[in-house]
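Computed from a prediction, not measured in an experiment: that's the story for all the values here.
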Amino acid sequence: MPEGPSAPTNEPSPPPVPRRFSWPMRFFLGVMLFFLVYRPFCILYPWKDWLEHLQMDDAPARLATRAEREKLAASASPEKPFPVTDSLLGTLDSVWGFFKPWPGANTRARIRERRDYATFAVCWVNSRAHFVEALLLYNTEWSMFSPSVSTRKSMPRARLIYADGSTDEVASDTEPADRTHYFRFCECRVLNYQFKVRPGASLSCAGYCNWLAHRHAEKDGAPLKTIRLYVVSYDLPAPGVDGRAYWQDAQPEGDDDFYEYDVAERHGRKLDAP
């Protein structure tokens, strides 16, 4: 006999399968995944040297300091009634110029062949990613992927020059006073940013000098006037060498000053190599 119509059931129909993520979230996760996979390996090539060779900026123009804002406010005139706002908008303009995906005039003058465009693309991706990561405190560049083990360590030092002509030498936290016996606790972040203070890293140098200017503002009543940075290097002991005896006698090799910072203006500049 033919079966009759089935009796209606009160069971609810299964809900539709939702999408896992919205499109904005998919885009965000895609960008993050790209950086997590790509950025650790960028240390395998000297893109920071390429950045300097192509004369590319490693950051937008900085915001005016409090002292600079006070000076700008005092210079207001009928022709320029809002100099502080103009300075802020100028910094915002530089952000667009920093992130535009084509070479600037100075960079175009140094591009001579097709591979220079590839070099520019690599530098653009890495420098812009490095800037965003610095803002978000999320560094994905990983030195674990360096081609080989280190045989030499370089660390920054600062020469502080005060208004009365006196000077001080300040070693960074990356260089312990006693290299045979030292202990560090909860200093990972401090060491990470101080290791980045080196020639060509203008953003890191400016931040480090600003920190020094607050920690060493004066000496015997004389205000701090100028900060000059240089690098000292230590050769690491070879395998089989008595490490304690080696480090007790090890002396660093110093290089020429590579960066100068004007404390009053809160402005730094790279020094030309001799």
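At most 12 heavy atoms of other shown residues, nucleotides or ligands fall within 6.0 angstrom of atom CZ in F28.
Between the side chain of S75 and the main chain of L72, a donor-acceptor pair closer than 3.5 Å is present. In terms of modelled atom types and a separation under 3.5 Å, the side chain of D262 and the main chain of E265 share a donor-acceptor contact. With hydrogens and angles ignored, the 3.5 Å screen pairs a side-chain donor or acceptor of T119 with a backbone N or O of R115. Judged by distance alone, with hydrogens and angles left aside, the side-chain atoms of R128 form no donor-acceptor pair with the main-chain N or O of D58 at under 3.5 Å. Formation of a donor-acceptor pair under 3.5 Å by the T107 side chain with backbone atoms of L54 is found in this model. Proximity of a side-chain donor or acceptor of E133 to a complementary backbone N or O of H130 within less than 3.5 Å is not detected. Not one N or O on the side chain of N126 forms a donor-acceptor pair closer than 3.5 Å with the backbone of C123. For D178 (side chain) and T180 (main-chain N/O), a donor-acceptor pair under 3.5 Å exists by modelled atom type. Between the side chain of D57 and the backbone N or O of A59, no donor-acceptor pair lies under 3.5 Å.
Clustering ILVMFWY residues whenever any of their side-chain heavy atoms sit less than 4.5 angstrom apart, transitively, puts Y193 in a cluster other than the one holding F195. Each of Y259 and V232 belongs to its own hydrophobic cluster when Ile, Leu, Val, Met, Phe, Trp and Tyr are linked at side-chain heavy-atom distances under 4.5 angstrom. Cluster membership check: W211 does not share its hydrophobic cluster with L191, using side-chain heavy-atom separations under 4.5 Å among Ile, Leu, Val, Met, Phe, Trp and Tyr. Using a 4.5 Å cut-off between side-chain heavy atoms of Ile, Leu, Val, Met, Phe, Trp and Tyr, with links allowed through other members, V231 and Y234 fall into different hydrophobic clusters. Cluster membership check: L212 does not share its hydrophobic cluster with M155, using side-chain heavy-atom separations under 4.5 Å among Ile, Leu, Val, Met, Phe, Trp and Tyr.
Note that OG of S154 is 13.0 Å distant from OH of Y230, once rounded to the nearest 0.5 Å. Interatomic distance, D257 CG to R228 CZ, rounded to the nearest 0.5 Å: 4.5 Å. Within the model, atoms CE of M56 and CH2 of W124 stand 9.0 Å from one another, a figure rounded to the nearest 0.5 Å. Interatomic distance, F258 CZ to S202 OG, rounded to the nearest 0.5 Å: 9.5 Å. For the atom pair L229 CG and C209 SG, the distance stands at 4.0 Å (nearest 0.5 Å).
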Side-chain donor-acceptor contacts of residues 90-99 below 3.5 Å, not counting sequence neighbours, with atom names and distances?
{"residue": "T91", "atom": "OG1", "partner": "R62", "partner atom": "O", "Å": "3.3"}
{"residue": "T91", "atom": "OG1", "partner": "S87", "partner atom": "O", "Å": "3.3"}
{"residue": "S94", "atom": "OG", "partner": "A61", "partner atom": "N", "Å": "3.1"}
{"residue": "S94", "atom": "OG", "partner": "T91", "partner atom": "O", "Å": "2.5"}

N/O donor to acceptor pairs below 3.5 angstrom from side-chain atoms of residues 76-84, sequence neighbours left out:
{"residue": "S77", "atom": "OG", "partner": "E79", "partner atom": "OE1", "Å": "3.4"}
{"residue": "S77", "atom": "OG", "partner": "K80", "partner atom": "N", "Å": "3.2"}

Under 3.5 Å, sequence neighbours excluded: what are the donor-acceptor pairs made by side chains of residues 238-249?
{"residue": "D242", "atom": "OD1", "partner": "R244", "partner atom": "N", "Å": "3.2"}
{"residue": "Y246", "atom": "OH", "partner": "D235", "partner atom": "O", "Å": "2.5"}

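Chaining together hydrophobic side chains whose heavy atoms lie under 4.5 Å apart places L63 alongside L88.
When side chains are defined from C-beta on, L224 counts as touching Y162, because their heavy atoms get closer than 4.5 Å. Contact check for F183 versus P176: no side-chain heavy atoms found under the 4.5 Å cut-off. Two residues are said to be in side-chain contact when any heavy atoms from C-beta on lie closer than 4.5 Å; Y38 and L33 fail this criterion. Residues R159 and I227 are not in side-chain contact: their nearest non-hydrogen atoms beyond the backbone lie 4.5 Å or more apart.
Side chain to side chain, R269 and Y261 fail the donor-acceptor criterion of an N or O pair below 3.5 Å.
Every residue was checked against the salt bridge (Lys or Arg N to Asp or Glu O under 4.0 Å) condition with R266, not counting sequence neighbours, and none meets it.
Electrostatic pairing of E260 and K270 does not count as a salt bridge here, judged by no charged N lying under 4.0 Å from a carboxylate O. Comment: R157 engages E175 in a salt bridge, judged by a side-chain N to carboxylate O separation of less than 4.0 angstrom. Residues E253 and R152 are paired through a salt bridge, judged by an N-O separation under 4.0 Å between the basic side chain and the carboxylate.
Note on residues 215-226: pairs passing side chain to side chain donor-acceptor pair (under 3.5 Å), not counting sequence neighbours, are D168-K219.
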So S172 and V197, side-chain contact (heavy atoms from CB on, under 4.5 Å) or not? Walk me through it. CA-CA 10 Å; S172 68; V197 178; over 6 Å; no

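W50 and F120 have their aromatic ring centers separated by at least 6.0 angstrom.
Between Y117 and P103, the shortest heavy-atom contact is CE2-CG, 4.4 Å.
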